[in-house]
Amino acid sequence: MRVVSGTCKGRPLKAVSGTGTRPTTDKVKESIFNMIGPYFDGGQVLDLFAGSGGLAIEALSRGMEKAILVDRDYQSFQTVKTNLEACGFTDCSEVYKNDAERALKAIIKRSLSFSLILLDPPYKQQKLVKLLEMIHDAKILEESGIIVCEHGNDVVLPENVNDLVKWKHENYGIISVTIFRWGNTRGGQGEL
């Protein structure tokens, strides 16, 4: 596992020990960022199922200014901190040991908003639609923001969740990636 591109290109990342997490492969990571970027001019990223932190670190390496990374697993929490330190991103990141729904509630109380939200929950515990609804209702996604959902290829997400519209979808073997954006109702940019 490594950083694919940007300021930390080639930097190795530590994986979470054990079998409780499933890191995004470098190939899928590169494909995701080719679909949504590939580079950014600032912005904040939220990673609600951080694992090793690889996706949020990739976003920081590619130009995001700040990241909030959340994982409920203690080993993941420690691994994220180690990887952020190795890449020099500790000053522009916050790491929390919490579950996704509680973290979202805390973020809503802080009135934060994000240009990129990463959702990669354990495949057997998919709650993506509920999380998308919470994100929509709280309006924590910026108008031109993107939500990346990584899930098993047996999960079919709806074409829209309220005003969040499915923008892109790709399959990579047993993994699927579905990307949502605001539809035209919020002044976002629907289809490109």
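Reckoned from all heavy atoms, side chains included, excluding hydrogens, waters and symmetry mates. The model shown is predicted, which means the values in this text are computed figures rather than measured ones.
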- Using 30° and 60° as the class limits, which term best fits the ring planes of Phe40 and Phe33: parallel, tilted or perpendicular? perpendicular
Any heavy-atom pair between the side chains of [Y] and [X] that's under 4.5 Å?
| X | Y | value |
| --- | --- | --- |
| Cys92 | Met64 | no |
| Leu84 | Leu60 | yes |
| Leu119 | Ile135 | yes |
| Met134 | Lys105 | yes |
| Val4 | Arg62 | yes |
| Lys81 | Gln78 | yes |

Between [X] and [Y], is there a donor-acceptor pair closer than 3.5 Å when you use the side chain of the first and the backbone of the second?
| X | Y | answer |
| --- | --- | --- |
| Glu85 | Thr90 | no |
| Ser61 | Thr7 | yes |
| Glu58 | Val3 | no |
| Asn83 | Lys14 | yes |
| Asn160 | Asn162 | yes |
| Asp71 | Gly51 | yes |
| Ser115 | Gly145 | no |

Closest non-hydrogen atom pair, [X] against [Y]:
| X | Y | answer |
| --- | --- | --- |
| Leu164 | His136 | CD1-CB, 3.8 Å |
| Leu141 | Trp182 | O-NE1, 3.0 Å |
| Phe180 | Lys166 | CD2-N, 3.4 Å |
| Leu48 | Ala100 | CD2-O, 4.0 Å |
| Arg2 | Lys29 | O-NZ, 2.9 Å |

- Item | Separation of Leu13 CG from Ser52 OG (nearest 0.5 Å) | 6.0 Å
- Query: Are Glu150 and Thr24 close enough that a side-chain donor and a side-chain acceptor fall under 3.5 Å?
  - Reply: yes
- Message: Can you confirm whether the side chains of Ser176 and Asn153 place a donor and an acceptor under 3.5 Å from each other?
- Response: no
- Message: Working note: Leu131 + Cys149, criterion side chain to side chain contact (heavy atoms under 4.5 Å, CB included); need CA distance, chi angles, decisive distance, verdict.
- Response: CA-CA 10 Å; Leu131 292 170; Cys149 303; over 6 Å; no
- Message: Apply side chain to side chain contact (heavy atoms under 4.5 Å, CB included) to residues Ile140 and Leu112 and explain how you reach the verdict.
- Response: CA-CA 6 Å; Ile140 64 169; Leu112 298 174; over 6 Å; no
- Task: Assess whether side chain to side chain contact (heavy atoms under 4.5 Å, CB included) is satisfied between Ser93 and Leu69, documenting all intermediate values.
- Result: CA-CA 7 Å; Ser93 59; Leu69 301 93; 4.1 Å; yes
- Task: Test side chain to side chain contact (heavy atoms under 4.5 Å, CB included) on Leu104 and Glu101 and set out the steps.
- Result: CA-CA 5 Å; Leu104 270 179; Glu101 289 180 41; 5.7 Å; no
- Task: Answer with yes or no whether the hydrophobic clustering places Val129 together with Val156; edges join I, L, V, M, F, W, Y residues whose side-chain heavy atoms lie under 4.5 Å apart.
- Result: no
